[in-house]
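If you read the sequence from its start, that first residue is 1, and numbering goes on from there. Side chains included, hydrogens not; waters and symmetry mates left out as well; all remaining heavy atoms used.
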Amino acid sequence: MKKVLILIMAICTINSYSQEEEEKKKTKFATKIIQNSVAGFSPVFFGSFETNKNFDITFYSVFWTNTSFGTLESGSDQLLETGIGLGFKLAGGKLFLNPGVGFAHGKFFSTVGGTKVGEAVIPNTYTHYHDNIFDVEAYIAYYKSLRNREDISTRDLFLFWAAPGINVSDRLVLGGFFEELAFMGLEDDDINKNIQVYRFLGGSIKLKMDNGIAFRFSAGANLVTDVGASDEFYKVSAFIPL
């Protein structure tokens with residue numbers, strides 16, 4: 001009888017462990033560390049929950065840590081971006097489409113005094129396509145200020161980047177890189193309504209490591225700027241699943 005009880009307990013333990021492993025597979029979490037020659041250092045966190053539907057529930061946070069954002073005199077407070085979306089796996093898992101909506105927190109999008117939670121709303125979409133030949137990533141977002149008052153000025157922000165590439169090997173992807181950042185709808189009579197911060201165009205090298213880790217370095221020319229950004233750019237990023 002004692003041996004039977006020990007066997008039953010062992011089976012239950014194994015079954016419980018298997019269930020825990022199965023539960024772990026239903027959630028994913030990753031971080032992406034970015035350094036941009038204009039925007040500075042920005043760690044990003046991603047997560048997702050699997051559902052029994054044809055989509056996952058996704059969430060993210062971006063910590064814009066450019067030091068000038070935090071200076072009280074000329075900066076605009078540290079900017080935090082948080083959001084949620086839906087992740088669709090299409091084309092046999094080769095295509096991932098992730099539309100979402102985020103919110104910006106701080107005082108980056110208006111002249112309002114002090115940190116504001118939910119200062120801007122951010123409709124956005126991320127997509128990537130991977131097969132034996134192509135490796136393509138792209139992202140687009142519009143930051144719409146929510147602080148509409150007569151005694152302050154507001155501004156919106158448009159961001160788009162794309163990194164199309166070709167798989168040279170299982171470890172190496174070579175391709176191009178394009179990124180555009182612009183302030184839109186500025187409420188100031190002394191300046192233009194729209195200001196091009198930068199428009200990057202160059203090449204990109206992506207290294208694919210074990211366990212889903214990826215490293216990308218991009219560099220090239222800054223085609224257009226209204227704020228005096230350098231005529232060359234670099235951007236480096238490391239994607240690390242946890």
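For the pair Thr127 (side chain) and Phe96 (backbone), a donor-acceptor distance under 3.5 Å is present. Side-chain atoms of Asn98 come within 3.5 Å of backbone N or O of Leu86 as a donor-acceptor pair. Side-chain N or O atoms of Thr225 include one that pairs as donor or acceptor with a backbone N or O of Val197 at under 3.5 Å. Of the possible donor and acceptor atoms, one in the side chain of Asn124 sits under 3.5 Å from a partner among the backbone N and O of Ile122. Proximity of a side-chain donor or acceptor of Asn194 to a complementary backbone N or O of Gly185 within less than 3.5 Å is detected.
With no hydrogens or angles considered, a side-chain donor-acceptor pair links Glu81 and Tyr60 at under 3.5 Å.
Note: Ile195 CD1 to Leu157 CG = 11.5 Å, rounded to the nearest 0.5 Å. Separation of atoms CZ (Phe177) and CZ (Phe200) is listed at 8.0 Å; rounding is to 0.5 Å. The OG1 atom of Thr58 lies 12.0 Å from the NZ atom of Lys28; values are rounded to the nearest 0.5 Å. Put simply, CZ on Phe158 and OH on Tyr142 are 9.5 Å apart, with the number rounded to the nearest 0.5 Å. Taken from CZ in Phe134 to NE2 in His128, the straight-line distance is 15.5 Å, to the nearest 0.5 Å. Separation of atoms CG (Leu95) and CG (Asp131) is listed at 10.5 Å; rounding is to 0.5 Å.
Between Phe217 and Tyr234, the two ring planes are parallel [angle under 30°; tilted spans 30° to 60°]. Ring planes of Tyr126 and Trp161: tilted class, angle from 30 to 60°.
For Arg155 and Tyr143, the positive end is not near the middle of the six-membered ring at less than 6.0 Å and at most 45° from its axis.
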Arg216/Val236 under side-chain contact (heavy atoms from CB on, under 4.5 Å): CA gap, chis, key distance, verdict: CA-CA 6 Å; Arg216 182 191 298 278; Val236 63; over 6 Å; no
field: Test log, rule side chain to side chain donor-acceptor pair (under 3.5 Å), inputs Thr115 and His105
entry: CA-CA 7 Å; Thr115 292; His105 317 287; over 6 Å; no
Side chain to side chain donor-acceptor pair (under 3.5 Å) assessment of Glu179 paired with Tyr198: CA-CA 8 Å; Glu179 182 167 334; Tyr198 60 76; 2.6 Å; yes
Chi angles and distances behind the salt bridge (Lys or Arg N to Asp or Glu O under 4.0 Å) call for Asp226, Arg199: CA-CA 10 Å; Asp226 296 326; Arg199 185 174 293 155; over 6 Å; no
message: Quick one, Ser110 with Glu119, criterion side chain to side chain donor-acceptor pair (under 3.5 Å). Give me CA distance, side-chain angles, the key distance, then yes/no.
response: CA-CA 8 Å; Ser110 71; Glu119 189 196 12; 3.2 Å; yes
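At least one side-chain heavy atom of Leu207 sits under 4.5 Å from a side-chain heavy atom of Leu172. Looking only at side-chain heavy atoms (C-beta outward), Ile213 and Pro241 come within less than 4.5 Å of each other. Annotation: side chain of Phe103 is not in contact with side chain of Val117 (no heavy-atom distance under 4.5 Å). Under the 4.5 Å side-chain criterion, counting only non-hydrogen atoms from C-beta, Glu180 is in contact with Gln196. Within the 4.5 Å cutoff, side-chain heavy atoms of Pro99 are placed close to those of Phe88. Looking at heavy atoms from C-beta onward, Leu97 lies in side-chain contact with Thr125 at the 4.5 angstrom threshold.
For the pair Asp170 and Lys208, the salt-bridge criterion is not met [side-chain N within less than 4.0 Å of a carboxylate O]. Checked for salt-bridge contact, Asp56 and Lys26 miss the test: no charged N lies under 4.0 Å from a carboxylate O. For the pair Lys144 and Asp156, the salt-bridge criterion is met [side-chain N within less than 4.0 Å of a carboxylate O].
Taken together through direct or relayed side-chain contacts under 4.5 Å among Ile, Leu, Val, Met, Phe, Trp and Tyr, Val227 and Phe160 form parts of separate hydrophobic clusters. Residues Leu201 and Leu181 are members of separate hydrophobic clusters, defined by side-chain heavy-atom contacts under 4.5 angstrom among Ile, Leu, Val, Met, Phe, Trp and Tyr. Hydrophobic clustering (side-chain heavy atoms under 4.5 Å, transitive across Ile, Leu, Val, Met, Phe, Trp, Tyr) groups Val224 together with Phe178.
Residue Phe49 qualifies as open at atom CZ: its count of foreign heavy atoms under 6.0 Å is 12 or below.
Gly176 approaches Ser204 most closely through the heavy-atom pair O-CB, 3.7 Å.
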